[in-house]
Amino acid sequence: MQVKLALVAALVPSMSMAAALPQSPDIIPEAGIVGGDLATAGDFPFIVSLARSGGSHFCGGTLLNANTVLTAAHCSVGQSASSVQVRAGSLKRNSGGTVVAVSRITVHPSYSSSTYNNDVAIWRLSTPIPTSSTISYASLAASGSDPVAGSQATVAGWGVTTQGGSSIPVDLRKVTVPIVSRATCRTQYGTSAITTSMFCAGLTAGGKDSCQGDSGGPIIEAASGTLIGVVSWGEGCAQPNRAGVYAGVGSLYSFISSNL
């Protein structure tokens, strides 16, 4: 199982395997989109790339308003606000759009680095990012809501496109996958591994998933475009009977809304 951080040379050592779950040594942050397509303008106008200041992309995020980005806690622990930046309004992770600095990083107070429970964090921006022809803010799933098993969800990011890939794409990619019931996901990973703050999505046969470099990015309800989750972890990428695991916006709504 892996968190979906971009495992590239530019990452500091503490970001690479530090989040491995003890019960399964191969669990690390997930990275890129597997089995998907290039995103087009307007598909994810609220997605942002998180990067070292002047450096490399390592996670995704979602713009919630002019001053606030939602991402994964495992993308945020150990990060200094002064050493990172956010790029919005571009389909490319390394050019275009608007780049701003970060003033504060707030990790969910009950986040567990050993289980990835409550895997969300809020980044406060130093400079507001207004809406434009390429930028808008995400609509949050309702408090207490849980994605319906069998419904379709779309996830996007700049992560690797194959498990174990050594480079991440420049252009944003997306893939649509069905929501997997929590009961089924618990048969795949174990009852205690999948908490009520998580939900799962993927194909039984595999082949479509988020992967390393996609961590922290958005997964939306395909029909409405509502933000339902944050890319969190999974065992490998796009493996049969190993759904991607996401932090649920509905279950973590109180923390998110209190930090807007």
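Start at 1 with the first residue, then count along the sequence. Values reported hereafter were calculated over all heavy atoms of this structure, with side chains retained and with hydrogens, waters and symmetry mates removed. These numbers were taken from a predicted model, which means no experiment stands behind them.
Val99 and Leu172 sit in two unconnected hydrophobic clusters of ILVMFWY residues. Membership requires side-chain heavy atoms under 4.5 Å apart, directly or through other members. Taken together through direct or relayed side-chain contacts under 4.5 Å among Ile, Leu, Val, Met, Phe, Trp and Tyr, Val48 and Ile129 form part of one hydrophobic cluster. Hydrophobic cluster membership is shared by Leu227 and Tyr253, with clusters built from Ile, Leu, Val, Met, Phe, Trp and Tyr side chains linked at under 4.5 angstrom. Under the 4.5 Å side-chain heavy-atom criterion for grouping Ile, Leu, Val, Met, Phe, Trp and Tyr, Phe44 is connected to Val230 within one hydrophobic cluster. Val180 and Val148 sit in two unconnected hydrophobic clusters of ILVMFWY residues. Membership requires side-chain heavy atoms under 4.5 Å apart, directly or through other members.
A donor-acceptor contact under 3.5 angstrom links the side chains of Ser76 and Trp123, judged on distance only.
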**OP:** Quick one: do Phe46 and Ile135 satisfy side chain to side chain contact (heavy atoms under 4.5 Å, CB included)? Show the steps, please.
**Re:** CA-CA 6 Å; Phe46 39 76; Ile135 298 172; over 6 Å; no
**OP:** List the steps, then state whether side chain to side chain contact (heavy atoms under 4.5 Å, CB included) holds for Thr71 with Val120.
**Re:** CA-CA 6 Å; Thr71 187; Val120 290; over 6 Å; no
Subject >> Worked check of side chain to side chain contact (heavy atoms under 4.5 Å, CB included) between Val86 and Leu50 >> reply: CA-CA 5 Å; Val86 169; Leu50 310 185; 3.7 Å; yes
**OP:** Apply the test side chain to side chain contact (heavy atoms under 4.5 Å, CB included) to residues Val69 and Leu125: give CA-CA distance (whole Å), side-chain angles for both, the deciding distance (0.1 Å), then the verdict.
**Re:** CA-CA 8 Å; Val69 166; Leu125 305 178; 4.1 Å; yes
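In terms of modelled atom types and a separation under 3.5 Å, the side chain of Arg242 and the main chain of Gly234 share no donor-acceptor contact. Formation of a donor-acceptor pair under 3.5 Å by the Trp158 side chain with backbone atoms of Phe58 is not found in this model. Put simply, the side chain of Gln239 gets close to the backbone of Cys237: a donor and an acceptor are under 3.5 Å apart. A side-chain donor-acceptor contact under 3.5 Å links Arg182 to the backbone of Met198. Asp214 contributes a side-chain N or O that, together with a main-chain N or O of Ile33, makes up a donor-acceptor pair within less than 3.5 Å. In terms of modelled atom types and a separation under 3.5 Å, the side chain of Ser215 and the main chain of Trp233 share no donor-acceptor contact. With hydrogens and angles disregarded, no donor-acceptor distance shorter than 3.5 Å links the side chain of Gln79 to the backbone of Val84. A donor-acceptor pair under 3.5 Å is absent between the side-chain atoms of Thr154 and the main chain of Ala222, judged by distance alone. Not a single donor-acceptor pair under 3.5 Å links the side chain of Arg104 to the backbone N or O of Arg124. Looking only at distances, no side-chain donor or acceptor of Asn118 sits under 3.5 Å from a matching main-chain atom of Ser197.
Atoms CD1 and CD1, from Ile219 and Ile179 in turn, are 5.0 Å apart once rounded to the nearest 0.5 Å. Between the NZ atom in Lys92 and the OG atom in Ser49 there is a gap of 13.0 Å [rounded to 0.5 Å]. For the atom pair CG (Asn259) and CG (Leu70), the distance works out to 10.0 Å, reported to the nearest 0.5 Å. With values rounded to the nearest 0.5 angstrom, Asn117 atom CG is found 7.0 Å from Thr196 atom OG1. Atom CG of Asp43 is separated from atom CZ of Arg173 by 12.5 Å, given to the nearest 0.5 angstrom. Rounding to the nearest 0.5 angstrom, the gap separating the OG atom in Ser126 from the CD atom in Gln85 is 11.0 Å.
Between His74 and Val231 the shortest heavy-atom distance is CE1-O, 4.2 Å. Between Cys200 and Ala243 the shortest heavy-atom distance is CB-CB, 3.8 Å. Ala247 approaches Asp119 most closely through the heavy-atom pair CB-O, 3.7 Å. Here the closest non-hydrogen pair linking Ala73 and Val107 is CB-CG1, 3.7 Å. In terms of heavy atoms, Leu203 sits closest to Pro178 at CD2-CD, 3.5 Å. The two atoms that bring Ser95 and Ser90 nearest to each other are O-OG, 2.6 Å, heavy atoms only.
Inter-residue side-chain proximity for Ile256 and Leu64 is flagged as met; some heavy-atom pair is nearer than 4.5 Å. With contacts defined as side-chain heavy-atom distances shorter than 4.5 Å, the pair Thr98/Thr127 does not qualify. For the pair Gln152 and Val177, the minimum side-chain heavy-atom distance is 4.5 Å or more.
Around atom NZ of Lys174, more than 12 heavy atoms belonging to other residues, nucleotides or ligands sit under 6.0 Å away.
Ring geometry for Tyr246 versus Phe199: interplanar angle under 30°, hence parallel rather than tilted (30 to 60°).
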